[in-house]
Amino acid sequence: MQDNERQCVSRAPSHSRVGRLSTPSLVSRAGLRLRQLAWGLLGCLALASCGGAAFEPPRNLLLISVDTLRADALGCYGNERGTSPFIDELAQSGTVFEQAWSHSPQTAPSHMTLFSGLLPSVHALGNWGADSQQQLSLEIVPLAEVLAEAGFRSLAVTSGGNIKGRLGFERGFDVYEDTGARMDVKLPLMEQWLDLVSADERRWFGFFHTYQVHGPYLPPGRFAKRFVSADYDGEVLGGEQALKRSIVGGDDRAPGTTGDVALSKNFWARVNEEDPRDAAHLHDLYLAGVAWMDDELRKGLGAWMGQGYLDDTLIVLTSDHGDAFGEQGEFQHSQMWDPVLRVPLIVVHPAGKGAPERVAEPVSHVDFLPSVLDLLGVPDTVELRQGQSWAGWLDGQTSRPIRPTYGEYAPAKFPEVDVWAWREPQHALVQEREGLFYVDRVSDPGDLRPVPADLGPMDVVERLTEAALGARARHAELRGLYKSGALLDLDSSMRAELESLGYLEGVR
């Protein structure tokens, strides 16, 4: 093998709830061409990591993804309503990245960028569509397979839907549980596994995912009372029992549906997006759900810490995207604005506990894979990754370069949607369905007052447009290096699962 080529081994899991996958090894094609393309990507992202940290590598990795969690919903990101006391305490033991960005407002492509180190348009995995879904290409080697090759045991406990194992997420995991159950059911599943592997000499990787703050926003009453205004007199019913009583009582706004699908459709049918009272009420219900999630996480993660399961574990908490509550007239998550793409990223390194730090420089999901591999001391055998490691930032070993961040829909899955966002510290350019917009991020850091691009500073707009379109062209070329994954049929049970989360009626 020539120096500019590398053997990429894609390893099947030793066992899985959904069956053993066959994943052949392959030789990466045109290694030199890959390097040239990747080094140019975004003008600043690197193929290789920028160097590991001086900390002794932790044994294990725990990744927690709270689906649809906005950064500004947490106290450690400035929220003053007491939503997240446990997560705030966790943040006091580690590093808070103040400007962490997702590349997509969709669950599947966003999570696969975390696991692949590739942008959504390159790995080409989108959310489930109305008829079928493209599985991750077997030529792409995700994080769990790299760690399996390094001897890690691995477990995922997820909420299914757009992170269903058979989309390709299960590859490399010993066990991949994709139940739709609530956190109080799923957390004990992970605790049982942690108890099993705690005495094992092998290192482990745990992935926990929850939709608990995802719409429809139906927090328990004890949390809703803390956040919902008693003066609200609109039609939105925020309690599961109240919504069920309304449906049974003859106010069914989604006839012909049952179960969770009926709850979701009835919830959203009551929302008047033109009424600012409904927008505020939805946000209150959402924050109540964040507090509910935080309390469940306290019970689960707090217990694991108390039992010593996480003593030598790198803990990372993040989200795939946020949610909108009337900003730019938008709701839920199909946009490229700050409330949707800026996500929390909290990293707790066992060697750095007790030394809280805040990082102002921007990072992106594509940086996650090279960073955690650096921190774990695990070499990556894959030729092409698009992120740049921030591992050395945690102990001051390396400088912190300012890099632009980029968001997009995955065009391979949704060719009719062509939206993207390019952000620099002082400026942003956002291509939405309605047109191209400019944001002055100094005076408007939350993207609340975008203006049509032709009303922005033309020299800046032209420079950002050239940079963004150049990056998009490189992404398309990189995507051509991989074969497409298999198509999966959307069966009735999967359709119901997605509809209960509000999907399939639109691109969300």
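Starting from 1, each residue takes its place in the sequence as its number. Note: hydrogens, waters and symmetry copies are ignored here, and every other heavy atom, side chains too, is used.
Using a 4.5 Å heavy-atom cutoff, the side chains of L125 and P120 are not in contact. When side chains are defined from C-beta on, R479 does not count as touching S121, because their heavy atoms never get closer than 4.5 Å.
Applying the side-chain hydrogen bond (donor to acceptor under 3.5 Å, both in side chains) criterion to R423, with sequence neighbours excluded, gives D447. Scanning for side chain to side chain contact (heavy atoms under 4.5 Å, CB included) contacts around T210 gives V66, S159, M183, K186, F208, Q212, with sequence neighbours left out. Here E235 pairs with R253, R270 under the side chain to side chain contact (heavy atoms under 4.5 Å, CB included) rule; sequence neighbours left out. Judged as a side chain to side chain contact (heavy atoms under 4.5 Å, CB included), and not counting sequence neighbours, the contacts of Q426 are V442. Residues that satisfy the salt bridge (Lys or Arg N to Asp or Glu O under 4.0 Å) test with D440, not counting sequence neighbours, are absent from this structure. Remark: E240 engages K244 in a salt bridge (Lys or Arg N to Asp or Glu O under 4.0 Å) (not counting sequence neighbours). Scanning for side-chain hydrogen bond (donor to acceptor under 3.5 Å, both in side chains) contacts around N272 gives an empty result, with sequence neighbours left out. For H209, the ring-ring contact (aromatic ring centres under 6.0 Å, His included) partners two or more places apart in sequence, or in a different chain, are H111, Y211. Looking at residues two or more places apart in sequence or on another chain, you find a ring-ring contact (aromatic ring centres under 6.0 Å, His included) between W337 and F437. In terms of the ring-ring contact (aromatic ring centres under 6.0 Å, His included) criterion, residue partners of H321 (sequence neighbours excluded) are, by chain and number, H333. The ring-ring contact (aromatic ring centres under 6.0 Å, His included) search around H427 returns Y438, not counting sequence neighbours. Qualifying salt bridge (Lys or Arg N to Asp or Glu O under 4.0 Å) partners for R358, counting only residues two or more places apart in sequence or in other chains: E98.
No side-chain donor from either of D367 and S371 sits under 3.5 Å from a side-chain acceptor of the other. For T318 and S65, the side-chain atoms include no donor-acceptor pair closer than 3.5 Å.
Using the six-membered ring where Trp is involved, Y286 and Y217 have ring planes that are perpendicular, over 60° apart on the 30 and 60° scheme.
Taking 4.0 Å as the cut-off between side-chain N and carboxylate O, D284 and R81 count as a salt-bridged pair. Between E327 and R70 there is a salt bridge, since a side-chain N of the basic residue sits under 4.0 Å from a carboxylate O of the acidic one.
For the side chain to side chain contact (heavy atoms under 4.5 Å, CB included) with F169, the qualifying choice from T158, I163, N162 is I163, the only one to do so.
A centroid separation of 6.0 Å or more is found between the aromatic rings of F207 and Y176. The aromatic ring centroids of F97 and W390 lie less than 6.0 Å from each other. Remark: aromatic rings of F115 and H123 are distant, center separation not under 6.0 Å.
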